[in-house]
Amino acid sequence: MFREILYLTVGAAKRAEKMVDAFIEEGKKELEDKSLVELGKEHLEKRKEQFKDMFLDDFKKIAEDLGLATKEDIRELKEMIKGN
């Protein structure tokens, strides 16, 4: 009977050890995946900013070519109207 209890205890300890190792490996994988996700987010954010800058530059050039009023133009006109 003592021998069976000893085997059961050793078996349970080995099984618990395997479970802990599996949890550790799963945690490591999640951290690696999270790092990849973070890198992806940073990459997308960088591309978004590049696209935004490119789009704004093009839009400003088009507005200038069309002779549209800028915020500065409108501000100056408001000041001129207030001054009269």
### Task
Take Lys46 and Gln50 through the side-chain contact (heavy atoms from CB on, under 4.5 Å) test and state the conclusion after the steps.
CA-CA 6 Å; Lys46 186 177 180 181; Gln50 287 175 337; 4.3 Å; yes
### Query
Mind checking who shares a hydrophobic cluster with Ile62, ILVMFWY linked at side-chain heavy-atom distances under 4.5 Å?
Leu66, Leu68
Return the set of residues passing salt bridge (charged side-chain N to carboxylate O under 4.0 Å, His left out) with [X] (not counting sequence neighbours), or none when no residue passes.
{"X": "Glu49", "answer": "none"}
{"X": "Glu25", "answer": "Lys28"}
{"X": "Glu72", "answer": "Arg75"}
{"X": "Asp73", "answer": "none"}

### Task
Sequence neighbours left out, what pairs pass side-chain hydrogen bond (donor to acceptor under 3.5 Å, both in side chains) with at least one residue falling in residues 12-21?
none
With sequence neighbours excluded, tell me which residues meet side-chain contact (heavy atoms from CB on, under 4.5 Å) with [X].
{"X": "Ile74", "result": "Ala69, Lys78"}
{"X": "Lys61", "result": "Asp65"}
{"X": "Lys48", "result": "Glu45"}
{"X": "Leu56", "result": "Lys52"}

### Task
Return the set of residues passing side chain to side chain donor-acceptor pair (under 3.5 Å) with Glu64 (not counting sequence neighbours), or none when no residue passes.
none
### Message
Other residues, nucleotides and ligands only: do more than 12 of their heavy atoms fall within 6.0 Å of CE on Met54?
### Response
yes
